[in-house]
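Worth saying up front: this structure is predicted, and the values here are computed from it rather than measured.
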Protein chains: 2
Amino acid sequence: MPPKGSKSKKPADEGTVKVDKKKEDPQPSAAETAEAPKEEKKPASSRGGWGRKKKLATDSANGEETGEPKAKIKVKSSISESFADIDFSARAKTPDGRESNFKIASWNVNGLRAWLEKDGVSYIKAENPDVMCIQETKCNVSLIPAEAEVDGYTSHWLSGDAEGYSGVGIYYKTKPIKITDGIGIEKHDNEGRVITAEYEKFYLVNVYVPNSGRDLPRLDYRTKEWDVDFRKYLKSLDEKKPVVLCGDLNVAHHEIDLRNPKGNKRTAGFTIEERESFTATLREGFIDSFRYLYPHTENAFTFWTFMMNARSKNAGWRLDYFVLSERLKENLCDSIIRSKVMGSDHCPIVLELAI
Amino acid sequence: MPPKGSKSKKPADEGTVKVDKKKEDPQPSAAETAEAPKEEKKPASSRGGWGRKKKLATDSANGEETGEPKAKIKVKSSISESFADIDFSARAKTPDGRESNFKIASWNVNGLRAWLEKDGVSYIKAENPDVMCIQETKCNVSLIPAEAEVDGYTSHWLSGDAEGYSGVGIYYKTKPIKITDGIGIEKHDNEGRVITAEYEKFYLVNVYVPNSGRDLPRLDYRTKEWDVDFRKYLKSLDEKKPVVLCGDLNVAHHEIDLRNPKGNKRTAGFTIEERESFTATLREGFIDSFRYLYPHTENAFTFWTFMMNARSKNAGWRLDYFVLSERLKENLCDSIIRSKVMGSDHCPIVLELAI
DNA sequence: CCTTGTATG
DNA sequence: CATAAAAGG
């Protein structure tokens, strides 16, 4: 299993892992102590590019953590006022009138640790989903702060080889039958992008799809390698059980899905290659749940660049999705964009199912 | 002249330079525009270590700036309350009773741009020195923000080759006879550490002495190369006119000059090598003006590490000095440590002369 | 604009 | 603990 995952539980359960609180002693200052802990001397240019090295040994057989330094998170501001007005209770029903009994939320948090400092977990408590899917933790599994734990949920984290890059996680109330890290293809699984939770009636796939990059340096990798293999993976799951795919798909499908389609035809996330690739995936028997329910709703976005006050002008993109196996249409109650919830350059999205 | 300097004047004067205000247009977002400004593609590991490259062409013959992007400084907090109580007027006199008529201040600001955001210039206005010496600008000359200008002063900045590293500057009311960048030795002058202002009665040398580093990797360079050559430089000036040397000398001379001498005998700034090297410089005919006036004053520090709340415990170091040619003793009114002034990990120091 | 690791102090 | 630049988004 190439990527490194870790499990940490709050409710008493078999395999429970206690997260060590770090002791209070701060690092001694070099200016205030004689014997600084000797670090190996590195020549100025020994970094070897960017984000390659891992600092810490992680879990061994029984999932116990061996990592040493752990960031101490202090909540510096709270995003909770941004959703004080929101009614989080489900109202919509399935076509045949059944009420939602399973709620899944998904959020690209743009850095788990910064998000924790903004009291991001307050959203989880308010939304109270059965499963919360997180993308872009930018945090090595061994460095996930203890403050990331949420009462009533078990969390499972995944990170890749590059420090501070990518990374996904899930919180769940009900233990899945199985949790799988990655898609079983080594060349894709070293970036910490996919967690699959198998439930009785469906697979839940949490994904952070690779960004094609500013000058599209990774467009070919994204559309010709990743998308192709990930599509196969989804198909293989779908042959066994229905699939709920959620996360940051890093594509705005149609012109309606971003504010400025004309100006972004060669921008990552709206290239014709990425759009057609997403179309190809849907053709394998999946639906874009939001667009299925709201085919003509404009200005429904889930991402706004931090620049140029894009969010205040709602100059955004719909990059986050719940994609469902077509046969889950009959279980679909609602697909919601929580556009007012602050704390990241993405907002959360929510799926209500009657399952 | 190896280091790059620049002059910018506020009062009308020959050679006056107007600093271009940048236009309002922010950079277009890659996510919001089609044609992002093409930057040359760089392979992931082409950095060549750290801080080598210069981004911008700087001034030419007449000191005109050609640099393009300039940081827009917004004052985010003000340090002025930290010195609301201070009486900045001079009281002390020379041994023969003459009053001060020339005030020099010196401050390691730990990043000019961050210091500007804290309204560091408010200190200059309050102290109102004839010359203000600044160390550790960490700012390329071409990137000095327009907000660094102060009414009534002309400023002169110097930076080295490495971006965001070292750098010094001076503000003056009265134009010096001559301003010299560096000490005329190429191997030292690429780090932007010395500005010499020649006045009628003395040379003023503003210095940021190289730090020996955490594991003392630069101790030999510091004591056997820099200190040796810099000492010669001071001596050569002293043969012509008295010298006022000020700045961050990165050494605490004696045990009285830091809180924890026992624990720091192999810490940069208190090694025996650095201390003896400073002694050797003083033996060439200079005095440590503060210690000359206050030989037994304890707990007089100018630097406190940001870590461990060192400043609140006054666990500091005296690293900043006014060193004078011995024959300036008769002109010395006072040498003051402004220990309450916040805004950096160093505090300002002030020299009062009757000249 | 914002977060991240790294270098430096 | 704080500043900075670079890379990624």
Side-chain angles (χ1 to χ4, degrees), chain A residues 26-27 29-31 42-55 71 108-115 117-118 135-140 143 162-167 208 210-215 217-218 248 250 267-269 303-311 319 343-346, chain B residues 26-27 29-32 39 42 44-47 49-53 55 71 108-115 117-118 135-140 143 162-167 208 210-214 217-218 248 250 267-269 303-311 319 343-346:
Chain A
Q27 280 288 348
S29 154
K42 356 178 177 177
S45 55
S46 72
R47 287 218 291 136
W50 168 78
R52 283 289 123 66
K53 279 159 292 182
K54 301 169 206 182
K55 256 193 218 130
N108 177 319
V109 297
N110 188 35
L112 179 77
R113 285 165 287 189
W115 176 80
E117 289 177 353
K118 296 172 226 165
Q135 302 91 38
E136 270 207 280
T137 58
K138 297 185 176 184
C139 186
N140 190 291
L143 297 171
E163 299 275 344
Y165 177 72
S166 191
Y208 172 50
N211 191 302
S212 295
R214 184 157 300 188
D215 286 319
R218 268 193 126 187
D248 177 357
N250 259 321
T267 305
F303 163 85
W304 305 261
T305 173
F306 282 119
M307 290 168 263
M308 300 186 325
N309 296 317
R311 191 158 186 176
L319 300 179
S344 167
D345 49 357
H346 293 247
Chain B
Q27 282 288 349
S29 154
E32 295 299 323
E39 9 185 274
K42 355 178 179 180
S45 55
S46 72
R47 286 216 290 138
W50 168 77
R52 282 289 124 67
K53 277 158 293 182
K55 256 189 217 134
N108 177 319
V109 298
N110 188 34
L112 179 77
R113 285 164 289 189
W115 175 79
E117 288 176 354
K118 296 170 228 167
Q135 303 92 37
E136 270 207 279
T137 58
K138 296 185 176 183
C139 187
N140 190 291
L143 298 170
E163 302 272 343
Y165 177 72
S166 191
Y208 172 49
N211 191 303
S212 294
R214 183 157 300 189
R218 269 193 126 187
D248 177 357
N250 258 321
T267 305
F303 163 85
W304 305 262
T305 173
F306 282 119
M307 292 169 262
M308 304 187 320
N309 297 314
R311 192 158 185 177
L319 300 179
S344 168
D345 48 358
H346 294 247

Restricting both atoms to N or O, compile the protein contacts to nucleotides 1-3 of chain C shorter than 3.5 Å, with distance only.
| residue | atom | partner | partner atom | Å |
| --- | --- | --- | --- | --- |
| C:dT3 | OP1 | A:Lys118 | NZ | 3.4 |

message = Can you measure B:Gln135 atom CD to D:dA4 atom P for me and round it to whole angstrom units?
response = 16 Å
key: Integer-rounded Å distance: D:dG9 C1' and A:Trp304 CH2   = 16 Å
By side chain to side chain donor-acceptor pair (under 3.5 Å) - contacts of A:Ser212 (at least two apart) = A:Glu274
A:His346 NE2 - D:dG9 P separation (whole Å) = 11 Å
inquiry  = What is the separation between atom CG on A:Leu143 and atom P on C:dT6, rounded to the nearest whole Å?
reply    = 10 Å
request  = Name all residues meeting the side-chain contact (heavy atoms from CB on, under 4.5 Å) criterion together with A:Arg311; count only those two or more places apart in sequence or in a different chain, and write none if there are none.
outcome  = A:Trp304, A:Met342, A:Cys347
inquiry  = Please confirm whether the shortest side-chain N or O distance from B:Tyr165 to OP1 or OP2 of C:dG9 is below 4.0 Å.
reply    = yes
request  = Considering non-hydrogen atoms only, spot the tightest contact between B:Asn108 and B:Gln135 and give its length.
outcome  = N-OE1, 3.1 Å
Nearest-Å distance for atom pair CZ/C1', residues B:Phe303 and D:dC1 = 10 Å
key: Length of the CG-P vector between B:Asp345 and D:dA4, whole Å   = 12 Å
inquiry  = I'd like to know if the side chain of B:Asp248 reaches the main chain of B:Asn250, judged simply by a donor and an acceptor atom lying under 3.5 Å from each other, with no hydrogens or angles considered.
reply    = yes
task = Starting from P on C:dT8, measure out to OH on B:Tyr208 and report it in whole angstrom.
result = 12 Å
request  = Using the test side chain to side chain donor-acceptor pair (under 3.5 Å), find all partners of B:Asn110 that sit at least two apart in sequence or belong to another chain.
outcome  = B:Lys138
key: Euclidean distance, atom CG of residue B:Leu319 to atom C1' of C:dT8 [Å, nearest integer]   = 15 Å
